[in-house]
Student: 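This structure is in structure tokens; I'll ask about it shortly.
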Amino acid sequence: MNNQPMHQWAQDLWPICRSLTGQGVRDTLDYLGKLIPEMRRHSVPTGYQAFDWTVPKEWTIREAYIDDMRGNRVIDFKRNNLHVLGYSTPVNAVISRNDLEKHLYSLPDQPNAIPYVTSYYSERWGFCLSEKQRTALTGDQYKVVIDSDLHDGVIDFADVILPGERKEEILLSTYICHPSMANNELSGPVVTTALARWLATVTRRKYTYRIVFIPETIGSVIYLSQNLKEMQERTIAGYVVTCVGDERAWSFLPSRSGETLADRAALAVLRDREHKVYSFLDRGSDERQYCAPTVDLPVASIMRSKYGTFPEYHTSLDDLQFVTPKGLEESFQAYRSCIELIEHNEMWRATTYGEPQLGKRGLYPDLSRVGSAQNDVRKRMNFLAHCDGETDIIGISELIGVTPSACAELAQLFHEHDLIRPSGQ
């Protein structure tokens, strides 16, 4: 067990109104930074040009509500921060029900759900509400108030660099820009935080780890614009960590090529879990930026229920009942297994001509008969038979039908007996 209180972290972060920019992002990074002392904070100003994108104005939201003409508050941002259209411009007016209709967003097919809707790059205002709440608005006039502003400010993000014995890097990226939603927002940062804290305790890391907390899309574009050359030179595998909190499914989204080390490690880990493999055409998060042709990083994603496929997605139904401690823990363990597999994934070359005599090394039973001992011997000999200096642990695992972790243990065993050595030595 991991024994890190990821679900409690999600509960603590739940009330914060996050968006692309603003105090909610800073408050979230403040909280996570207390859990990860190695975290480095960054920001760039409004108007900053990152490749083809321009950083928008910073948004501040203080209050938003709809009152009927008797003074009853029928919609209140303080009850649920999804009630306001993200990046709404300010308004304070009494308007007709017909005029209000143009500024309302609901889901007729999900009458109890409040949708999550944003308008980052076109100025408008609006309210999001359940279909039941919408049909209950039967008055002729309503008072609408959104106390917000758009101003020149900054966009905030953070990273963690954990050095290893080698300069080659493994990337973990997650986003921190959605308001109160659990699977599509908080599960990624809390699992990534747990992974960062675990990795910081690993005394010997072969690879360096770059762990990134960013607003989705423009955050990854900004981060790449500042670190592209180094990341292209060093990144050997990467993952976008999102939608990792429920218990319904396992999902895999490949990199653009589908054949990178990140892909192979993830599929090896998922081999014994029932899972659905999606196409890169089904992408929808920051792998769009990391895997773009001019960037071309080896980035994939292991998820539980993939974004856009579960009915709670981008609604108020994506809550802390949908995301569970068990779901978070299992996702942590899956990503930890990927990392450990990549750490131990080597190409090994046999050191003897022909099969080695295992018996004199205590690696072969002294009584030859059919049974489990012979099965173990067969696995050992099959492993050695593929130590050709060209096939890595993941490849051998696939060829001989033994788990990658078991193959890594065999490699350690045989290396200790000087029966194999890393390719190139």
Side-chain angles (χ1 to χ4, degrees), residues 7-31 57-95 97 99-107 110-120 123-139 141-151 153 156 176-186 189 215 312-323:
H7 201 267
Q8 182 60 56
W9 299 341
Q11 292 176 51
D12 294 344
L13 292 166
W14 174 263
I16 298 174
C17 183
R18 284 164 292 274
S19 186
L20 202 66
T21 62
Q23 191 59 43
V25 174
R26 290 188 282 273
D27 289 346
T28 299
L29 292 175
D30 286 345
Y31 182 94
K57 291 182 179 295
E58 183 174 324
W59 184 58
T60 300
I61 176 73
R62 289 170 287 271
E63 188 174 40
Y65 60 84
I66 300 175
D67 284 354
D68 65 21
M69 299 317 294
R70 295 185 297 275
N72 298 309
R73 190 142 298 178
V74 293
I75 300 296
D76 192 349
F77 167 77
K78 291 180 180 178
R79 292 193 203 120
N80 192 308
N81 56 31
L82 295 183
H83 270 314
V84 69
L85 172 77
Y87 257 61
S88 278
T89 54
V91 62
N92 188 331
V94 173
I95 63 175
R97 175 66 178 84
D99 286 341
L100 177 59
E101 183 68 20
K102 305 168 189 174
H103 300 276
L104 299 180
Y105 302 88
S106 63
L107 299 169
Q110 294 179 278
N112 295 311
I114 304 168
Y116 167 59
V117 186
T118 63
S119 182
Y120 296 134
E123 291 193 3
R124 56 167 59 87
W125 64 268
F127 288 90
C128 303
L129 66 172
S130 71
E131 185 68 13
K132 283 188 175 181
Q133 290 173 315
R134 188 173 191 162
T135 57
L137 297 175
T138 57
Q141 289 186 313
Y142 289 89
K143 181 177 183 180
V144 294
V145 173
I146 298 177
D147 182 10
S148 67
D149 61 71
L150 291 164
H151 58 275
D156 296 275
I176 48 167
C177 57
H178 294 67
S180 297
M181 290 179 288
N183 203 33
N184 185 57
E185 169 63 12
L186 294 176
E312 297 87 353
Y313 176 70
H314 272 197
T315 77
S316 57
L317 303 181
D318 183 0
D319 58 22
L320 291 168
Q321 282 70 51
F322 179 43
V323 164

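What's counted below: heavy atoms across the whole structure, side chains too, no hydrogens, waters or symmetry copies.
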Student: Side chain of S316, backbone of I114: donor and acceptor closer than 3.5 Å?
Tutor: yes

Student: Among all residues two or more places apart in sequence or in another chain, which pass the salt bridge (charged side-chain N to carboxylate O under 4.0 Å, His left out) test with E101?
Tutor: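 Salt bridge (charged side-chain N to carboxylate O under 4.0 Å, His left out) check on E101 returns R97, R134.
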
Student: Hey, are the side chains of I146 and I61 touching, using non-hydrogen atoms and a 4.5 Å cut-off?
Tutor: yes

Student: Is it the case that more than 12 heavy atoms not belonging to E123 sit under 6.0 Å from its CD atom?
Tutor: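 It does not: E123 CD has 12 such atoms or fewer within range.
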
Student: Could you tell me whether the side chain of L317 reaches within less than 4.5 Å of the side chain of L107, counting heavy atoms only?
Tutor: no

Student: For S148, enumerate each residue passing the side-chain hydrogen bond (donor to acceptor under 3.5 Å, both in side chains) test, keeping only those at least two apart in sequence or located in another chain.
Tutor: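 With sequence neighbours excluded, S148 shows a side-chain hydrogen bond (donor to acceptor under 3.5 Å, both in side chains) to no residue whatsoever.
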
Student: For H314, which residues count as a ring pair (Phe, Tyr, Trp, His ring centres under 6.0 Å) partner, sequence neighbours excluded?
Tutor: Y116, H178

Student: Give me each pair satisfying salt bridge (Lys or Arg N to Asp or Glu O under 4.0 Å) with a member in residues 74-90, each pair once, sequence neighbours excluded.
Tutor: E63-K78

Student: For W14, give me all partners under ring pair (Phe, Tyr, Trp, His ring centres under 6.0 Å), at least two apart in sequence or on another chain.
Tutor: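 Per chain and number, W14 pairs via ring pair (Phe, Tyr, Trp, His ring centres under 6.0 Å) with no residue.
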
Student: With rounding to the nearest 0.5 angstrom, report the CG to CD distance, N112 to E131.
Tutor: 10.5 Å

Student: Check whether any side-chain heavy atom of E312 sits under 4.5 Å from a side-chain heavy atom of N183, and report yes or no.
Tutor: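 With C-beta onward as the side chain, the pair stays apart.
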
Student: Identify the two heavy atoms, one from R73 and one from D67, that lie closest to each other, and give their separation to 0.1 Å.
Tutor: NE-OD1, 2.9 Å

Student: Run the salt-bridge test on E58 and R26 with the 4.0 Å N-O cut-off and return the result as yes or no.
Tutor: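 So E58 pairs with R26 through a salt bridge.
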
Student: Going by heavy atoms in the side chains, are L20 and T118 under 4.5 Å from each other?
Tutor: no

Student: Do you know the tightest heavy-atom contact between P115 and C128?
Tutor: O-CB, 3.3 Å

Student: I need the minimum non-hydrogen distance between L13 and R18, along with the two atoms involved.
Tutor: O-NH1, 2.9 Å

Student: Any heavy-atom pair between the side chains of P189 and I176 that's under 4.5 Å?
Tutor: yes

Student: Hey, could you give me the CG/SG distance between L82 and C17, rounded to the nearest 0.5 Å?
Tutor: 8.5 Å

Student: Excluding sequence neighbours, so at least two apart, what forms side-chain contact (heavy atoms from CB on, under 4.5 Å) with Y313?
Tutor: N184, Y307, F310

Student: What are the two closest non-hydrogen atoms of L320 and H7, and how far apart are they?
Tutor: O-NE2, 3.1 Å

Student: What's the spacing between Q133 CD and N80 CG if we round to 0.5 Å?
Tutor: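 Those atoms lie 8.5 Å apart.
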
Student: Identify, with sequence neighbours excluded, every residue that meets side-chain contact (heavy atoms from CB on, under 4.5 Å) alongside C177.
Tutor: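 Scan of C177 (side-chain contact (heavy atoms from CB on, under 4.5 Å), adjacent residues dropped) gives Y175, P215, E216.
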
Student: Could you tell me the separation between the OH atom of Y105 and the OG atom of S119, rounded to the nearest 0.5 Å?
Tutor: 7.0 Å

Student: For Y87, which residues count as a ring pair (Phe, Tyr, Trp, His ring centres under 6.0 Å) partner, sequence neighbours excluded?
Tutor: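 Expected list: W59, Y120.
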
Student: Please walk me through it: do L100 and Q141 pass side chain to side chain contact (heavy atoms under 4.5 Å, CB included)?
Tutor: CA-CA 9 Å; L100 177 59; Q141 289 186 313; over 6 Å; no

Student: Taking only residues two or more places apart in sequence, or in another chain, which ones meet R62 in a side-chain contact (heavy atoms from CB on, under 4.5 Å)?
Tutor: T60, D147, D149

Student: I'd like to check the salt bridge (charged side-chain N to carboxylate O under 4.0 Å, His left out) partners of D319; sequence neighbours left out, ordered by chain and number.
Tutor: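 Salt bridge (charged side-chain N to carboxylate O under 4.0 Å, His left out) check on D319 returns nothing, list empty.
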
Student: To the nearest 0.5 Å, tell me how far I66 CD1 sits from H83 NE2.
Tutor: 8.5 Å

Student: Tell me the closest heavy-atom pair linking S106 and S130, and the distance in Å.
Tutor: CB-C, 4.0 Å

Student: Just to verify, what does D27 make a side-chain contact (heavy atoms from CB on, under 4.5 Å) with, not counting sequence neighbours?
Tutor: I16, Q23, D30

Student: Run through L85, T89, V91 and flag the one making a side chain to side chain contact (heavy atoms under 4.5 Å, CB included) with R124.
Tutor: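 The single option meeting the side chain to side chain contact (heavy atoms under 4.5 Å, CB included) with R124 is L85.
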
Student: Quick one: list whatever passes salt bridge (charged side-chain N to carboxylate O under 4.0 Å, His left out) with D99, sequence neighbours left out.
Tutor: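 Per chain and number, D99 pairs via salt bridge (charged side-chain N to carboxylate O under 4.0 Å, His left out) with K102.
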
